[in-house]
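Beneath this line is the structure, given in structure tokens, with notes to follow.
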Amino acid sequence: MRIVVTGASGYVGRHIVPRLADSGADLLLVGRDAAKLRRSFPGHKACDYSDLAESAKGYSTLVHLAVLNSNSAAPEAEFLKTNVEEAVKVAEMARLAGIRTFINVSSVHALDPRRKSFYALSKRMAAREIRPGDGMAVVHLYLPYVYEPGFKTRLRLAGKLPAPFGGLAFQAATSLKATVSVSRIADFITGLETADLEGSQRSVILSDGQRGNKVFHFVRRTLDLAFAVVVLGFLWWFFLLVWVLVRLDSPGPGLFLQERVGKDGKSFTCYKFRSMRTGTVQAGTHEVGPDAVTRLGSWLRKSKIDELPQVINLIRNDMSLIGPRPCLPSQVELIAERTRRGVMHVKPGITGLSQVNGVDMRDPYRLARSDADYLALQSLALDLRIVVATVSGREPVLCTR
């Protein structure tokens, strides 16, 4: 492996370089002061940007970490110069050197359209300007909060506690926001060495995820049950009223029971207030004509009240409050895309990131990608934002790439 790294003197670079070296990579470090880089990383080759096109010949991957970060008080012009103009120049020099894969590293903050900082705006502009070509693939790599295994960061408290408590403290901290370890970043970079990207362009959100976070799942399950108990305890009369109105509005039952695909592809019965006429074909909402929807059903759907009986599914542990919307067994294309992206490993939700961002089942590929983005950025803080967006009707919570 022969890898070029710019911005090696920054926080991520300082921790990534040793791990890439430990994996056997031959590294070329690039910066404004090559001599300083050689002193900081003894034994590694270094050059300045003026020599990049020549020195990088024979290398296969370039990791662009050089950036003017969000904590800088520099004017907008400096952000545009560093994060856009210079990034585009580095990409062009990489192309001239014969680099096969250009990895443009950004923070996930750049994906949030609500963020109007000079950093976020400039990184979004750079992602549009840096293009693949002449055999060079471009990977836009978006990272959440980055930590290193020694916890020598703002999570240092977890590193000072005894192992069992330290592990729980770390899980509690990382349940609040998405994180990624420098080791995972290094593994991702080295893994691209064997990938066949063939001059393509792709965007990747890399994180540790919450799959193994026991604190996160305990809190989520507790909140799911609490929500279900509160809704049933205080709104049982409203459930009864809606059930009666549905029965009076059109012939048929008050509740609609439908088979849906849940976690790990297992089927379950999903409960909803009936909003369509009895006998309507079993299909996705977007595949059913407006004539099939009852008068009351139209209002139930618009207000999301038809989803309220899914608190039964929360109690039965079929669903969670937040997660990808469950699909029908007949939606094989969506199931295949979700399976490929690991989305089927989580419980479906009553609401989710895709729904508040206006992404529905009309486009299975885009929906599965949006669901995968949610898994990569999953945290208690993001779930809270999704709940607020669902109730208030605000959107988007996060850019769907």
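Keep in mind the model is a prediction, meaning the values are calculated, not measured.
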Report yes if some heavy atom in the side chain of Leu380 is under 4.5 Å from a heavy atom in the side chain of Phe216; otherwise report no. yes

Do Val261 and Phe268 come within less than 4.5 Å of each other through their side chains, counting heavy atoms only? no

Residue list, side-chain hydrogen bond (donor to acceptor under 3.5 Å, both in side chains) with Ser60, at least two apart or on another chain: Glu193

To the nearest 0.5 Å, atom NZ of Lys347 lies from atom CG of Asn313 at 11.0 Å

Can you confirm whether Asn83 sits close enough to Phe118 that some side-chain heavy atom of one is under 4.5 Å from a side-chain heavy atom of the other? no

Ignoring hydrogens, what is the shortest heavy-atom contact between Glu129 and Val88? Give both atom names and the distance. CB-CG2, 3.7 Å

Distance, nearest 0.5 Å, that separates NZ of Lys263 from OG of Ser320: 10.5 Å

Does Ser72 use its side chain to pair, donor to acceptor, with the backbone of Leu68 at less than 3.5 Å? no

Closest non-hydrogen atoms of Pro253 and Arg274, given as atom of the first, atom of the second and distance, are O-NE, 2.6 Å

Is any side-chain N of the basic residue among Arg220 and Asp383 closer than 4.0 Å to the acidic one's carboxylate O? yes

Taking C-beta and beyond as the side chain, do Gln171 and Lys214 meet within less than 4.5 Å on heavy atoms? yes

Value rounded to 0.5 Å, distance of CD1 in Ile3 from OH in Tyr59: 10.5 Å

Has Arg325 got more than 12 heavy atoms of other residues, nucleotides or ligands less than 6.0 Å from its CZ? yes

Does Ser298 reach the main-chain N or O of Arg295 with its side chain, forming a donor-acceptor pair under 3.5 Å? no

Could you tell me whether Lys45 and Asp26 make a salt bridge, using a distance below 4.0 angstrom between a side-chain N and a carboxylate O? yes

Do Lys304 and Glu307 sit within salt-bridge range, that is, some charged N less than 4.0 Å from a carboxylate O? no

Keeping the roles fixed (side chain from Gln210, backbone from Gln378), state whether a donor-acceptor pair exists under 3.5 Å. yes

Below 4.5 Å, heavy atoms only, C-beta onward: do Leu296 and Ser250 meet side chain to side chain? no

Could you measure the distance from the OG1 atom of Thr351 to the CE atom of Met319? Nearest 0.5 Å is fine. 9.5 Å

Would you name the heavy atoms of Ser275 and Arg301 that are closest together and state the gap between them? OG-NE, 2.9 Å

Measuring centre to centre across the rings, with the benzene-like ring taken for any Trp, is Phe256 within less than 6.0 Å of Tyr271? no

Evaluate the criterion side chain to side chain contact (heavy atoms under 4.5 Å, CB included) for residue pair Thr294 and Arg277; output intermediate values, then yes/no. CA-CA 6 Å; Thr294 65; Arg277 303 186 189 283; 3.9 Å; yes

For the residue pair Gln331 and Leu328, what are the closest heavy atoms and their distance? OE1-N, 2.7 Å

d(Thr190 OG1, Ile185 CD1) to nearest 0.5 Å is 12.0 Å

Kindly give the heavy-atom pair with the smallest separation between Leu353 and Val356, and that separation in Å. O-CG2, 3.2 Å

Salt bridge or not for Arg385 and Asp112, using N-O below 4.0 Å? yes

Hey, can you tell me if Tyr11 and His15 have their rings parallel, tilted or perpendicular (30° and 60° cut-offs)? perpendicular

Please determine whether a side-chain nitrogen of the Lys or Arg among Lys81 and Glu78 lies less than 4.0 Å from a carboxylate oxygen of the Asp or Glu. no

Check for a donor-acceptor pair, side chain of Arg100 on one end and backbone N or O of Thr61 on the other, with a separation under 3.5 Å. no

Does a side-chain heavy-atom distance below 4.5 Å link Gln201 with Ile130? no

Ignoring hydrogens and angles, tell me if any N or O in the side chain of Ser207 forms a donor-acceptor pair with the backbone of Ala376 under 3.5 Å. yes

Give me the atom names and distance for the closest heavy-atom approach of Ile16 to Ala186. CD1-N, 3.8 Å

Could you walk me through whether Val180 and Tyr145 pass the side chain to side chain contact (heavy atoms under 4.5 Å, CB included) test, one step at a time? CA-CA 6 Å; Val180 63; Tyr145 183 88; over 6 Å; no

Just so I know, are the side chains of Lys36 and Ser9 near enough to count as touching, which here means a heavy-atom distance under 4.5 Å? no

For the residue pair His140 / Asn104, report whether a side-chain donor-acceptor contact shorter than 3.5 Å exists. yes

Set out, in order, the CA-CA distance, both residues' side-chain angles and the distance that settles side chain to side chain contact (heavy atoms under 4.5 Å, CB included) for Arg338 and Cys327, then state yes or no. CA-CA 10 Å; Arg338 282 177 164 175; Cys327 61; 3.9 Å; yes

Checking the side chain of Lys123 only, and the main-chain atoms of Val105 only, is there a donor and an acceptor separated by less than 3.5 Å? yes

Below 4.0 angstrom, N of the basic side chain to O of the carboxylate: do Asp264 and Lys266 qualify? no

Is there a donor-acceptor contact under 3.5 Å from the side chain of Thr278 to the main chain of Pro251? yes

Thr174 and Asn213 side chains, donor-acceptor separation under 3.5 Å: yes

Backbone N or O of Pro113 within a donor-acceptor pair of the Lys116 side chain at under 3.5 Å? yes

Under 4.0 Å between a Lys/Arg side-chain N and an Asp/Glu carboxylate O for Asp208 and Arg184? yes

Interatomic spacing from CG in Leu28 to OG1 in Thr6 - rounded to 0.5 Å: 10.5 Å

Any ion pair linking Glu85 and Lys89 (charged N to carboxylate O, less than 4.0 Å)? no

Closer than 4.0 angstrom, basic N to acidic O: yes or no for Arg32 and Glu86? yes

Between Tyr119 (side chain only) and Ser107 (backbone N and O only), is there a donor and an acceptor less than 3.5 Å apart? yes

Where the side chain of Ser303 meets the backbone of Leu300, is there a donor-acceptor pair that is under 3.5 Å apart? yes

Start with the C-alpha distance between Leu223 and Leu321, add both sets of side-chain angles, then the distance that settles side chain to side chain contact (heavy atoms under 4.5 Å, CB included), and finish with yes or no. CA-CA 8 Å; Leu223 292 175; Leu321 184 59; over 6 Å; no

With the side chain counted from C-beta on, respond yes when Leu20 and Leu27 share a heavy-atom pair under 4.5 Å apart, and no when they do not. yes

